[in-house]
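For reference, the structure discussed in these notes is given below.
One-based numbering, in listed order, for ligands and for the atoms of each.
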Amino acid sequence: MTDIIQLLPDSVANQIAAGEVVQRPASVVKELLENSIDAGATEIKLVIRDAGKSLIQVIDNGSGMSETDARLAFERHATSKIRKAEDLFEITSMGFRGEALASIAAVAQVSIKTKTANQELGIEIQIEGSKVTSQEYCQCNQGTIISVKNLFFNIPARRNFLKSDQVELRHIIDDFERIALANCHVSFELINKQNTIFNLTAGNLRQRVAGIFGRKYNEKLVPVNENTDVVKLTGFVLKPEHARKTRGEQFFFVNNRFIKNNYLHHAINNAFEELIPAHQHPGYFLFMEINPARIDVNIHPTKTEIKFDDEKAIYAIIRVSVKHALGQFNVSPSLDFELGNTANTPPLKPGEFVGMPKITVDPTFNPFAEEEKKIAKSTSSNSPAYSGSTYQKQSPAHQPWEKLFVPEQEPQQFNLQADFSEENTQVQEESTFQLFNTYIAKRTKSSLILIHQKRAHQRVLYEKFLRSLANQSGASQQLLFPQNMTIKAGELALLQNCIDDLRQLGFDIEPLGQTTLVIQGIPLAMQEQDGILALEEILEGLKNNQKDFELNKSHQLAFLLAKHGATKTGKRLSTEEMLHLADQLFACEMPHLAPNGKPVVVHINKDFIEKQFQK
Ligand code: ADP
Ligand code: MG
C-alpha cells in the first residue's frame, strides 16, 4: 500500500487554526486590541466598518516591530511573549500563543504598518490568505497600524454564517468594553462608520466605568477592596437598588483578563442575596489578582473560562469581601422616593474628572463581630465636582442614631410640624411617635424618618442570629413544658445536617426515635409559638429548597428565625420600645435593608416634600 499521510501546507494549517481563534469580527478586535496593550500602547484607536465585516483597523502607539519581527509575527507559534515552557506559569501578557496574527492573516486581507522608536522608516506588509503580497518601507509614527479587510473573504461559508451587523457590532462592543475596563490607564477610541461610539480618556476605574456606561454610574458604585494572602480583590459593585431584571454590567477580571465563571458569579450573587429581590442581578466590576501559579493558564484563546486550584476559598473570599463592602456602605435610605439621583452629586461637566473615593476602612472589621458594631456614614463632598465621599464609622453607643440623618453642612432650617391627627397615630413624645401601629416616626433637625418596625426588628434579629452562628453563642430559654413535634423519617436525616447549627442558635432539640423531635428550649429572642413555627418552616425549607440551604445555611436559618421572631405589624409600641428598637437597628451592619432586601428606613427630607407641592 502506498503512503498516504502528508503534512498540511502552512496556509491550510493556519486556516484550520483560524477556525478556533477567529469566530467573528469581535474575535479579531479582541486579539488586535490585546496585542496593542501587550505592546505597551497608551493610546489605541479602533475603526470598524460594517460591524467589522469589511474593515477592522487598530492604530496604536505601542512599541512597534522591527522589519524581521513584522514578518515573523504572522507565522504560527511566533510570539515574543514566552520562550520556554516554564514561562507559561508566569504569564503577564494577554497573548502568548503566537497564533492570532497567523490565524487572522489566513482568513482576511491584512496590512500592517509598524515602526519602532529607533528606526527611521517603518515597514508596510500586505498579506492575503497567509501569502505575503507586498513588503516595503514607509513613513509612519512609532507604533502599529493593522487593517483587517474582508474577513472570511476566502471562506464564503464562514462569511455567510455571520450574524446581522447589529449583532456583530454588539459583540465587538462587548469585547471593547472588557478590554477598556481592564486598561484604564490607556485611552481608547471606537469609531464605527465615522461615528465615534466611545472616546475614553486615560484615568481610573471609576472614570472608565462612567466613560463607558454613563456618568450616572458614578453615584451607583460601591468600592470593594480586600487584600488576603491568596487574592487581592478590587473594583466596584453597583448599589443593590441598581440591580436589574436582566444580567446587566457583570465584569469579573482575573489578573486583568476578563473571565466568566458561574461559581464565582454565584459568590457575588450570594453576597447580595438579602439585598435585592429574587430574579434580579447585581452589577459588578471586580478585579482579582492572584498568583498565576494558582490558576490554569492554558486557557483556550477565545474562551473566557478559568480554573483555580482552590475554588472554595476564593468563593468565600469574594462573598465576604462584597458583603463587607456593602455593609460598610451606607445604603441610601431614600430609595423609595427616587431621590437617589438628586442627592449630593451634581452632574459632571464635560472635561471634568471624577475622583476616586477616599475611604476610611477598619481593616479589623468583622461583619459578624459582636462587639464594636459600627455604622458607616457617608458625607457629601463640598466641592462642586464629584471629588469622592468619605465613609466613616462611628459607634452608635456614643452617637445618637438620629444624628446619622443630619447633613454635615449647613443644617437646613426646616421644622416639620409633628401634627398627624389620625386616630391611630400615637404621639408619644415630641419627636418620636408611632404611625398606624406600623412605623416609628422620628423628627430630626432636617427631616422626618420613618422606620418600618417589623422589618427593623427582622434586621436586628437576623444579624443577631448570624452572630450566634458565627460565635456559637446563641442563648436558649427552656420551655416549661417540652413540646413534641412529629416529623417524617426522611426529615430526620435532613435535620441532622443542621442540628448543630440549630443548637447554636438556641434550640434545645433532641430526636426521639424516627418520627419525633423533642423541643426543650428555643432561642431566647423568640416567643415559644414563633420558635416552633420557625422550626417547622426550617424543616419545610430543608425538604423543598435543599439547594438554597446547602449554599447558604447560615443566611437561611437566620432569615427564617428573624422572620418568625420579629414584632408583628400592628403592634403598639411604647416610646421606650421604639427608642430601643431604633438604637438596635442603627447598631446593625446594614440597617437600611430588611433581610429580604426591602427598605427599612425612609427618609423624608425637605426636597421630597417640596416636590409633592410642585405637582
Ligand atoms: P501573541 O500575542 O500570542 O504573542 P500574536 O499572533 O497575537 O501572538 O502576535 C505575534 C507577535 O507579534 C507578538 O508576540 C508581538 O511580538 C507582535 N505584535 C503583534 N501585534 C503587535 C503590536 N500591535 N505592536 C507590537 N508588536 C505586536
Ligand atoms: Mg496576541
Side-chain angles (χ1 to χ4, degrees), residues 10-11 13-23 25-47 56-85 87-88 90-108 110-119 122-127 130 132 135 138 140-148 151 175-176 178-179 182-183 186-189 255-258 292 297-304:
D10 269 359
S11 58
N14 283 340
Q15 235 186 57
I16 293 170
E20 280 188 38
V21 181
V22 186
Q23 281 146 358
S27 346
V28 175
V29 166
K30 173 177 176 283
E31 294 297 337
L32 297 185
L33 291 179
E34 288 185 349
N35 278 347
S36 297
I37 301 277
D38 285 344
T42 56
E43 285 167 25
I44 301 177
K45 185 164 161 183
L46 168 64
V47 180
I56 298 165
Q57 185 179 52
V58 172
I59 305 164
D60 73 42
N61 67 347
S63 62
M65 283 176 265
S66 70
E67 191 179 343
T68 325
D69 280 357
R71 269 304 280 268
L72 256 181
F74 290 91
E75 297 292 326
R76 209 137 55 94
H77 305 306
T79 179
S80 55
K81 299 167 195 175
I82 52 173
R83 304 228 173 272
K84 47 190 192 306
D87 294 348
L88 275 173
E90 32 197 87
I91 284 182
T92 50
S93 56
M94 302 304 295
F96 58 87
R97 298 174 151 248
E99 271 180 339
L101 289 186
S103 299
I104 294 166
V107 294
V110 177
S111 87
I112 181 169
K113 274 187 179 185
T114 186
K115 190 178 93 69
T116 59
N118 51 21
Q119 280 171 312
I123 188 86
E124 179 171 5
I125 300 174
Q126 317 261 4
I127 304 180
S130 297
V132 175
Q135 173 170 346
C138 69
C140 60
N141 293 330
Q142 183 198 325
T144 304
I145 304 176
I146 296 197
S147 310
V148 176
L151 185 64
D175 276 300
F176 178 89
R178 292 165 185 174
I179 292 171
N183 298 280
V186 176
S187 71
F188 286 92
E189 215 179 325
N255 296 348
N256 243 23
R257 195 185 290 274
F258 175 84
V297 284
N298 210 3
I299 324 159
H300 189 280
T302 62
K303 284 190 185 152
T304 45

_I'd like to know whether Ile59 forms a side-chain contact (heavy atoms from CB on, under 4.5 Å) with Ile44, so could you lay out the CA-CA distance, the side-chain angles of the two residues, the decisive distance to 0.1 Å, and finally the verdict._
CA-CA 6 Å; Ile59 305 164; Ile44 301 177; over 6 Å; no
*Does the side-chain contact (heavy atoms from CB on, under 4.5 Å) test come out yes or no for Gln135 and Glu124, once each step is laid out?*
CA-CA 6 Å; Gln135 173 170 346; Glu124 179 171 5; over 6 Å; no
*asked:* One pair to check against side-chain contact (heavy atoms from CB on, under 4.5 Å): Asn35 and Leu101. What are the steps and the verdict?
replied: CA-CA 9 Å; Asn35 278 347; Leu101 289 186; 3.9 Å; yes
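For the Mg ion (ligand 2), protein N, O or S atoms under 2.8 Å: 1 in total.
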Could you list each N/O atom of ligand 1 together with any protein N/O atom closer than 3.5 Å, one pair per line with the distance?
from, atom 1, to, atom 2, distance (Å)
ligand 1, 2 (O), Asn35, OD1, 3.0
ligand 1, 2 (O), Lys81, NZ, 2.7
ligand 1, 3 (O), Phe96, N, 2.9
ligand 1, 3 (O), Arg97, N, 2.9
ligand 1, 3 (O), Gly98, N, 2.7
ligand 1, 4 (O), Thr79, OG1, 2.5
ligand 1, 6 (O), Ala100, N, 3.3
ligand 1, 6 (O), Leu101, N, 2.9
ligand 1, 7 (O), Asn35, OD1, 3.0
ligand 1, 7 (O), Asn35, ND2, 2.8
ligand 1, 8 (O), Gly98, N, 3.4
ligand 1, 14 (O), Thr79, OG1, 3.4
ligand 1, 14 (O), Ser80, N, 2.9
ligand 1, 14 (O), Ser80, OG, 3.1
ligand 1, 16 (O), Ser80, OG, 2.5
ligand 1, 20 (N), Asn35, ND2, 3.4
ligand 1, 23 (N), Asp60, OD2, 2.9
ligand 1, 24 (N), Thr144, OG1, 3.3

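Contact of the Asn61 side chain with the Asn141 side chain is not registered, since no non-hydrogen atoms from C-beta on lie closer than 4.5 Å. Considering only heavy atoms from C-beta on, Leu46 stays 4.5 Å or farther from Phe188 through its side chain. Thr79 places none of its side-chain heavy atoms less than 4.5 Å from the side chain of Glu99. Inter-residue side-chain proximity for Thr114 and Ile145 is flagged as unmet; no heavy-atom pair is nearer than 4.5 Å.
Between the side chain of Arg257 and the main chain of Met94, a donor-acceptor pair closer than 3.5 Å is present.
Looking at Glu67 and Arg71, no side-chain N of the basic residue comes within less than 4.0 Å of a carboxylate O on the acidic one, giving no salt bridge.
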